[in-house]
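Here is the structure we will look at.
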2 protein chains.
Amino acid sequence: MLENIILGFLMSGEKTGYDLKQQMLKYTSNFYEASFGSIYPALKRLVEKQFVTSKDMVERGKAKSKYSITRLGKKELLAWLEEPLPSPKTNPDHLVKVFFYEYLPKEKVIENLKILKKDVNQYIRRFEPFKNKAQKSFGNYPDGFKSSTLIFGLNYYRMIIEWTDNLLEKLQK
Amino acid sequence: MLENIILGFLMSGEKTGYDLKQQMLKYTSNFYEASFGSIYPALKRLVEKQFVTSKDMVERGKAKSKYSITRLGKKELLAWLEEPLPSPKTNPDHLVKVFFYEYLPKEKVIENLKILKKDVNQYIRRFEPFKNKAQKSFGNYPDGFKSSTLIFGLNYYRMIIEWTDNLLEKLQK
DNA sequence: TAGGTCATGTAAAGAGTTACATGATTTT
DNA sequence: AAAATCATGTAACTCTTTACATGACCTA
């Protein structure tokens, strides 16, 4: 997974391990993020497999290793992208707890659901400014597919708010 | 995570490792499932921690180990449930690929999105019969919280269909 | 000059899956 | 008689995070 994502990011030009982390934070953090402890070893493996090449350099006094995708790496990425999409599992950790909420006192349940709502609303507020840009100018978000992942996130969070409201309503009457 | 989920399932009576797997398949498979390779070791750890007790027996010629939650285990479960809910991350693997779909030929993109739609629609059809039961009689689904996780799944899948349709529409004009 | 950011990397630990190994009972 | 299901468990492996270790440059 991570290896393929790195290949994807390298399609738009050479990057360092640090750059990759930044890009994930900026563009994919609502559905994917990796730590340095996984990024650097992944880059090493990709070099071994000849999917990327590395180039050591010093820029503004800082030692860097810039990685570029190879022909072989592009082939690999394409093969991965071509495969059918995995069925989206819901997976969110919060459901696992809610599933057992019959064992938690009602007041505590309501409290926790309200905190969740607040939390999710904060996410939405953080993403909303990007959304307009994404839909019209494609300014910050380079293309339609990338912005579609952002819109997905937004729709998802809105759905959670509705669902939480619904639960709260049922609980309070 | 798994340990707490097991404790949750044991609240409704003693169960074997095999039973637990069945329950997950039936009730939580749209957001959580574990393999035997993780369930049995988890039960062992829970016994060590004195959160559950085990009882070996032979039933219909089959050697079984039935596990029960202890007072200490119940305390542990409650403490876990009381904590604030984790912020739901979107996480679905399919977004990771769509993010890089600019590199895949348009026809292939459309093809894959259509397959995804078909796939998700099958999920919905599988869940829909449970939904009515869940909303009214609480028959199969023991309580409101458990059915709310099912409704969450359904809403989620519906959202994906809408989102996919939207993308397809944009692509085809 | 202190704190933040840029930059790379390793070691240990965690949490899980897959594959294997075994064997009885139940259904077809 | 074969295949499916019930039932338990281990070993190897994978993928990842957290914490640590190091050090330079940039900004207030």
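What you see is a predicted model, and the numbers here were worked out from it, not measured in a lab. The figures here come from the full heavy-atom set of this structure, side chains too, leaving out hydrogens, waters and symmetry mates.
- Atoms CG (L2(A)) and P (dC15(D)) sit 10 Å apart, rounded to a whole Å.
- Where E3(A) and F36(A) each meet DNA chain D at their nearest nucleotide, the meeting point lying more 5' is that of E3(A).
- Rounding to whole angstrom units, CD of residue Q23(A) and P of dA7(C) are separated by 13 Å.
- When distances are taken from the side chain of Y67(B) to each of dC6(D), dG9(D), dT16(D), the shortest belongs to dG9(D).
- At a threshold of 4.0 Å, the pair D56(B)-K64(B) does not count as salt-bridged, since none of the basic side-chain nitrogens sits closer than that to a carboxylate oxygen.
- Heavy-atom nearest nucleotides on DNA chain D were determined for P41(B) and for I39(A), and the one closer to the 5' end corresponds to P41(B).
- When the C1' atom of dC6(C) is taken as reference, atom CG of L20(A) falls 14 Å away, rounded to whole Å.
- In terms of phosphate contacts, T16(A) brings a side-chain nitrogen or oxygen within less than 4.0 Å of OP1 or OP2 of dT8(C).
- Straight-line distance from the NZ atom of K21(B) to the C1' atom of dG16(C): 13 Å, rounded to whole Å.
- N4(A) places its CG atom 16 Å from the P atom of dT14(D), with the value rounded to the nearest Å.
- Salt bridge E76(A)/K49(A): absent, no basic N to carboxylate O contact under 4.0 Å.
- Remark: the backbone N or O of K146(A) is paired with a side-chain donor or acceptor of T149(A) at under 3.5 angstrom.
- Side chain of W80(B) to main chain of M1(B): no donor-acceptor pair is present (N/O by atom type, distance under 3.5 Å, no hydrogens or angles).
- Of the listed nucleotides (dC6(C), dT17(C), dT18(D)), dT18(D) has the atom at the smallest distance from the side chain of S35(A).
- Considering only side-chain atoms of D19(B), the nucleotide from dG16(C), dT10(C), dA7(D) that sits closest is dA7(D).
- Y18(A) has its ring centre less than 6.0 Å from the ring centre of F36(A).
- Of the residues in residues 43-60 of chain A, those with a non-hydrogen atom less than 4.0 angstrom from any atom of DNA chain C are K44(A).
- As judged by a 4.0 angstrom heavy-atom cut-off over every strand, G37(B) is placed among the base-contacting residues.
- For K62(A), taking side-chain heavy atoms from C-beta onward, the closest of the listed nucleotides dT26(C), dA7(C), dG9(C) is dA7(C).
- Heavy atoms of G17(B) sit under 4.0 angstrom from primed sugar atoms or phosphate atoms, though from no base atom.
- Listed nucleotides dT8(C), dG16(C), dC6(D) differ in distance to Y18(B); the shortest reach to its side chain belongs to dC6(D).
- No close placement of the H94(A) and Y101(A) rings is indicated, their centers lying 6.0 Å or farther apart.
- One finds no side-chain N or O of Q22(B) lying less than 4.0 angstrom from the OP1 or OP2 phosphate oxygen of dA7(D).
- Using a 4.0 Å cut-off between charged nitrogen and carboxylate oxygen, K108(A) and E111(A) count as a salt-bridge pair.
- Within the structure, every side-chain polar atom (N or O) of Y40(A) is placed at least 4.0 Å from both OP1 and OP2 of dA21(D).
- Protein atom NZ of K26(A) is 12 Å distant from nucleotide atom P of dC6(C), rounded to whole Å.
- For F9(B) and F99(A), the ring centers are positioned less than 6.0 Å apart.
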